[in-house]
Amino acid sequence: MNVLEQTEQKLKQEISEAVLKSGLASAEELPEIILEKPKDKSHGDFATNIAMQLARIAKKAPRQIADEIVKVINETEASIEKIEIAGPGFINFFMKNDLLEQIIPTILREQDNYGKSDAGKGKRIQVEFVSVNPTGDLHLGHARGAAYGDVLSSLLAAAGYNVEREYYINDAGSQIDKLGFSVEARYLQELGEDVEMPEDGYHGQVIIDMAKAIVAEDGNKWLEKSHEERFEYMKEYGLKASLRNIERDLKDFHVEFDNWFSERTLYEDDQIPNAVQQLKESGYIYEKDGATWFKTTEFGDDKDRVIIKQDGNYTYLTPDIAYHKNKLDRGFDKLINVWGSDHHGYVARMNAAIQALGYPADKLEVKIIQMVNLFEGGEKVRMSKRTGKAVSLRELMEEVGIDATRYFFVARSNDSQLDFDIDLARSQSNENPVYYVQYAHARICTMLSQAETRGFDVNGKFDFAELTSEKEQELLMKIGSFPQTVADAAEKHAPQRVTNYVFELASLLHSFYNAEKVLDADAPERTTARIALMKAVRITIANALNLIGVTAPEKM
RNA sequence: GUCCCAAUAGCUCAGCUGGAUAGAGCAACAGCCUUCUAAGCUGUAGGUCGUAGGUUCGAAUCCUACUUGGGACGCCA
């Protein structure tokens with residue numbers, strides 16, 4: 001637990017005791033004490049609305065209640081400097097300054113670990129994301145999900161959860177057969193055969209590249225084989241090549257998985273029929289029109305869903321149910337799926353499956369990633385200029401860079417559509433929030449290296465009392481709240497809170513930088529203290545950027 | 001028709017568990033480099049929080065209806 005949290009805990013406790021002591025409410029009636037950090041500094045460091053909340057219980061005016069609480073509160077215990085009652089009945093607390101004193105030493109001690117907490121208590125969470133069909137490569141739509149899933153995982157890990165990142169490979173369905181036919185057609189075309197590309201095949205350039213690679217390796221070897229043999233080889237080749245592409249693109253985007261789960265393994269030991277059997281035993285299965293149905297309406301879905309078609313094949317849903325059963329059987333405390341918005345209609349039936357398998361509905365949480373619209377030169381970019389197809393993750397990385405891409409993707413709530421301005425992401429100016437934040441980090445690094453070359457005491461004991469200016473106090477409060485920000489962002493699955501936070505911290509740093517001089521030979525004591533502050537701010541910015549997978553450059 | 005998401009300054013967006021005078025950046029206007037990086041800072045101006053009800057001491061925030069934009073509604077995957 002960090003310094004600010006301890007302070008809050010203590011204060012909350014003293015407020016509760018004061019309420020009980022004044023007889024305003026009994027222990028059972030006592031509402032949860034809510035502390036907030038007022039925006040306006042004249043409202044103190046913390047404020048509580050407890051007096052308003054107690055108005056009905058105590059049947060007294062809020063201001064009078066506040067008065068009675070303030071009279072009996074133990075100011076020394078909670079390190080309170082001053083208390084004021086304001087507005088409709090807010091109690092404002094001004095804390096003793098020395099509480100901030102621990103912040104810098106804590107950060108300097110924890111270094112890379114600063115910001116982590118044990119809020120998640122080691123609970124096992126699995127985050128499944130991207131999971132694109134291995135039939136081509138990753139495009140824009142997948143990139144946002146990749147950034148979101150990866151950062152969410154990092155946040156959960158930092159907040160003390162035991163996190164596993166998983167990619168589900170759809171390598172068993174009919175889409176893989178389609179891939180096989182597509183590669184085969186391109187292969188035969190490469191060899192000059194008069195073959196039509198199937199209408200519903202995959203037309204991307206990657207497929208042609210695969211065909212060319214096969215020709216380069218094997219020449220016309222597969223021309224002579226039977227169609228079955230050739231198709232089988234083409235399918236497997238396409239699958240492996242697609243996966244290689246996807247894995248490479250993701251790795252370059254700094255996204256790595258703990259586990260790549262193959263759909264095929266579900267077929268190997270009857271996991272799908274077993275899952276269906278379990279649903280049947282629970283009474284959620286019936287036969288109609290020659291098909292097998294799953295009663296998802298029992299759990300709030302619009303209509304029941306077919307899981308075994310008239311022709312005896314499974315629908316898309318069936319192996320997915322088995323997959324989720326497999327995940328649940330692995331003992332995770334919680335499953336998170338990151339899906340594109342075009343799959344949201346699928347959420348209800350998956351939730352139904354979870355419950356029908358005997359698990360509580362909140363065991364699985366599906367995060368829907370809304371669409372991304374690309375803009376360049378003020379115009380909406382519909383297709384890639386290079387390929388005429390959807391813009392790929394790789395193109396985006398090459399066009400705007402990894403840092404900016406990742407930052408922009410997680411800077412917005414997953415529930416909101418995202419307008420991605422390529423010009424802005426690429427611009428090296430103050431308009432670009434990524435550069436703004438990175439520049440703050442680089443600025444500090446410059447100061448610190450200058451401090452060393454100019455012979456200032458960079459590791460000395462510093463006197464906290466030297467840090468008295470308003471901007472220094474604001475910086476201290478801000479860096480002190482970082483662990484709480486990380487925990488909140490993890491809890492709410494809201495990476496954008498981290499980008500907001502680090503942007504605000506950078507802003508405070510720039511403001512401080514322009515107002516005060518850090519390295520001042522005429523004031524060595526103050527300089528030592530400010531160097532310590534700068535180190536702490538640098539660590540906090542670097543850790544925040546690291547969480548969202550953005551680099552923290554030392555020079556720009 | 002049903003379901004999901006969104007709607008806040010001219011533009012792009014924050015706004016935490018309902019809290020005090022709704023905040024940034026860009027664009028506009030006025031300033032700041034002899035000084036640790038001006039990729040920066042300071043100030044001015046800009047708002048019926050989509051509309052209408054409701055809950056509450058208090059609503060941008062919660063509830064209901066509606067409007068607009070986007071998406072989804074297959075024995076496809």
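Per chain, numbering begins at 1; letters A, B, ... match sequence-line order.
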Enquirer: Send over the distance from Gln417(A) CD to rA7(B) C1', rounded to a whole Å.
Expert: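 In whole Å, rA7(B) C1' and Gln417(A) CD are 11 Å from each other.
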Enquirer: Looking across every strand, which nucleic acid part, if any, lies under 4.0 Å from Lys555(A) by heavy atom: base, sugar-phosphate, or nothing?
Expert: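 The residue Lys555(A) makes base contact.
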Enquirer: Side chain of Met371(A): nearest nucleotide among rU17(B), rG70(B), rC76(B)?
Expert: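 Among the listed nucleotides, the one closest to the side chain of Met371(A) is rG70(B).
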Enquirer: Ignoring hydrogens and geometry beyond distance, is the side chain of Asn92(A) in donor-acceptor contact with the base of rA20(B) at under 3.5 Å?
Expert: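 Flag set: donor-acceptor pair detected.
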Enquirer: Rounding to an integer number of Å, can you tell me how far Trp339(A) CH2 sits from rG71(B) P?
Expert: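 Nearest whole value for this atom pair: 20 Å.
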Enquirer: Please work out if Phe503(A) contacts a base, only the sugar-phosphate, or nothing of the nucleic acid, heavy-atom cut-off 4.0 Å.
Expert: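 Sugar-phosphate contact only - Phe503(A) comes under 4.0 Å of backbone atoms but never of a base.
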Enquirer: Would you indicate what Met556(A) reaches in the nucleic acid, counting non-hydrogen atoms under 4.0 angstrom: base, sugar-phosphate, or nothing?
Expert: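 Base contact.
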Enquirer: Do Asp423(A) and Arg426(A) sit within salt-bridge range, that is, some charged N less than 4.0 Å from a carboxylate O?
Expert: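 A salt bridge is present here (some side-chain N lies under 4.0 Å from a carboxylate O).
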Enquirer: Can you tell me, in whole Å, how much space there is between the P of rA59(B) and that of rU51(B)?
Expert: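 Straight-line distance between the two P atoms is 15 Å.
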Enquirer: Counting side-chain heavy atoms from C-beta on, which of rA24(B), rA39(B), rC36(B) comes nearest to Tyr439(A)?
Expert: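 Per side-chain heavy atoms of Tyr439(A), the pick is rA39(B).
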Enquirer: Please determine, for rC32(B), whether a Watson-Crick or G-U wobble partner exists with both distances under 3.5 Å, and give it or none.
Expert: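 The base-pairing partner of rC32(B), which may sit in any strand shown, is rG40(B).
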Enquirer: Arg305(A) near the nucleic acid: base, sugar-phosphate alone, or nothing, with a heavy-atom cut-off under 4.0 Å?
Expert: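 Result for Arg305(A) = nothing.
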Enquirer: Do NZ/NE/NH1/NH2 and the carboxylate oxygens of Glu236(A) and Arg264(A) come within less than 4.0 Å?
Expert: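 A salt bridge links Glu236(A) with Arg264(A).
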Enquirer: Out of the candidates Glu516(A), Glu466(A), Glu525(A), only one should pair with Arg530(A) under the side-chain hydrogen bond (donor to acceptor under 3.5 Å, both in side chains) rule; please name it.
Expert: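 So, applying the side-chain hydrogen bond (donor to acceptor under 3.5 Å, both in side chains) to Arg530(A) and each of Glu516(A), Glu466(A), Glu525(A), only Glu516(A) qualifies.
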Enquirer: Out of rC75(B), rG19(B), rA38(B), which nucleotide sits closest to the side chain of Tyr513(A)?
Expert: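 When the side chain of Tyr513(A) is considered, rA38(B) is the closest of rC75(B), rG19(B), rA38(B).
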Enquirer: Identify the nucleotide, in any strand shown, that forms a Watson-Crick or G-U wobble pair with rU51(B), with both distances under 3.5 Å; if there is none, say none.
Expert: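 Matched rU51(B) with rA65(B) under the 3.5 Å cut-off.
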Enquirer: Across the strands shown, which category fits Tyr436(A) at heavy-atom distances under 4.0 angstrom: base, sugar-phosphate, nothing?
Expert: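 Sugar-phosphate contact only.
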Enquirer: Answer with base, sugar-phosphate or nothing: what part of the nucleic acid does Ala47(A) contact at a heavy-atom distance below 4.0 Å?
Expert: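 Contact class for Ala47(A): base.
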Enquirer: From the set rU42(B), rC57(B), rU17(B), return the single nucleotide nearest to any side-chain atom of Ser511(A).
Expert: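 Looking only at side-chain atoms, Ser511(A) lies closest to rU42(B).
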Enquirer: Expressed in angstrom and rounded to an integer, what is the separation of Arg412(A) atom CZ from rC13(B) atom P?
Expert: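 Taking CZ of Arg412(A) and P of rC13(B), I get 5 Å after rounding.
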Enquirer: Has Phe90(A) got its ring stacked on rA20(B), by the test of a centre gap below 5.5 Å and a plane angle below 30°?
Expert: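 A stacking contact exists, since Phe90(A) sits close and nearly parallel to the base ring of rA20(B).
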Enquirer: Look at the side chain of Ser341(A) and decide which nucleotide, out of rC36(B), rU17(B), rG71(B), has an atom nearest to it.
Expert: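 Nearest listed nucleotide: rG71(B).
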Enquirer: Base, sugar-phosphate, or nothing for Gln310(A), non-hydrogen atoms under 4.0 angstrom?
Expert: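 Counting heavy atoms under 4.0 Å across all strands, the contact made by Gln310(A) includes a base.
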Enquirer: Regarding Ala515(A), tell me which of base, sugar-phosphate or nothing describes its non-hydrogen contacts under 4.0 Å with the strands shown.
Expert: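 Answer is nothing: Ala515(A) stays at 4.0 Å or more from every strand.
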Enquirer: Hey, does Ala451(A) reach any base, or is it just sugar-phosphate, or nothing, if we go heavy atoms under 4.0 Å?
Expert: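 Here Ala451(A) touches no strand at all.
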Enquirer: May I ask which nucleotide in the shown strands pairs with rU17(B), Watson-Crick or G-U wobble, both distances under 3.5 Å?
Expert: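 Base partner found: none.
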Enquirer: Do the ring planes of Tyr168(A) and Tyr323(A) sit parallel (below 30°), tilted (30 to 60°) or perpendicular (above 60°)?
Expert: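 Because their plane-to-plane angle is under 30°, the rings of Tyr168(A) and Tyr323(A) count as parallel.
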Enquirer: So for Asp342(A) and rG71(B), does any side-chain atom that can act as donor or acceptor lie under 3.5 Å from a complementary atom in the base?
Expert: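 Answer is no: no donor-acceptor pair is held.
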Enquirer: Rounded to the nearest Å, what distance is computed from the CG atom of residue Leu418(A) to the C1' atom of nucleotide rG70(B)?
Expert: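 Those two atoms, CG and C1', are 14 Å apart.
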Enquirer: Using the ring centroid of each side chain, check whether Phe420(A) and Phe375(A) are separated by less than 6.0 Å.
Expert: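 No, too far apart.
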Enquirer: Could you tell me which nucleotide pairs with rU2(B) by Watson-Crick or G-U wobble geometry, both distances under 3.5 Å, or answer none if nothing does?
Expert: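 Its partner is rA72(B).
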Enquirer: Nearest-Å distance, OH (Tyr435(A)) to P (rU37(B))?
Expert: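 Between P of rU37(B) and OH of Tyr435(A): 20 Å.
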Enquirer: Specify the separation, in whole Å, of atom NZ of Lys303(A) and atom C1' of rG1(B).
Expert: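 From Lys303(A) NZ to rG1(B) C1': 11 Å.
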Enquirer: At under 4.0 Å between heavy atoms, what does Glu452(A) touch on the DNA or RNA strands: base, sugar-phosphate, or nothing?
Expert: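 No contact.
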Enquirer: Using a 4.0 Å heavy-atom cut-off, does Asn133(A) contact any base of the nucleic acid, only the sugar-phosphate backbone, or nothing at all?
Expert: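 Asn133(A): backbone/sugar contact only, no base atoms under 4.0 Å.
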Enquirer: Ring stacking, His344(A) with base of rA72(B), under 5.5 Å and under 30°?
Expert: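 No; centroid distance or tilt outside limits.
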Enquirer: For the C1' atoms, the ones on rA14(B) and on rA24(B), what distance do you get once it is rounded to whole angstrom?
Expert: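 To the nearest whole Å, 7 Å.
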Enquirer: Measure from NZ or CZ of Arg349(A) to the centre of the six-membered ring of Phe294(A), then state whether that distance is under 6.0 Å and the direction lies within 45° of the axis.
Expert: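 Not satisfied by the 6.0 Å and 45° rule.
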Enquirer: Name the nucleic acid region contacted by Ala55(A), choosing base, sugar-phosphate or nothing; use a 4.0 angstrom heavy-atom cut-off, strictly under.
Expert: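 No contact.
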Enquirer: For His343(A) and rC73(B), give me the distance from atom NE2 to atom P, rounded to whole Å.
Expert: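 After rounding, the gap between these two atoms is 9 Å.
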Enquirer: May I have the distance from His510(A) (atom NE2) to rC36(B) (atom C1'), rounded to whole angstrom?
Expert: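 Distance, rounded to whole Å: 14 Å.
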Enquirer: Indicate, with yes or no, if the rings of Phe46(A) and Phe94(A) have centres closer together than 6.0 Å.
Expert: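 Phe46(A) vs Phe94(A): aromatic centres not under 6.0 Å.
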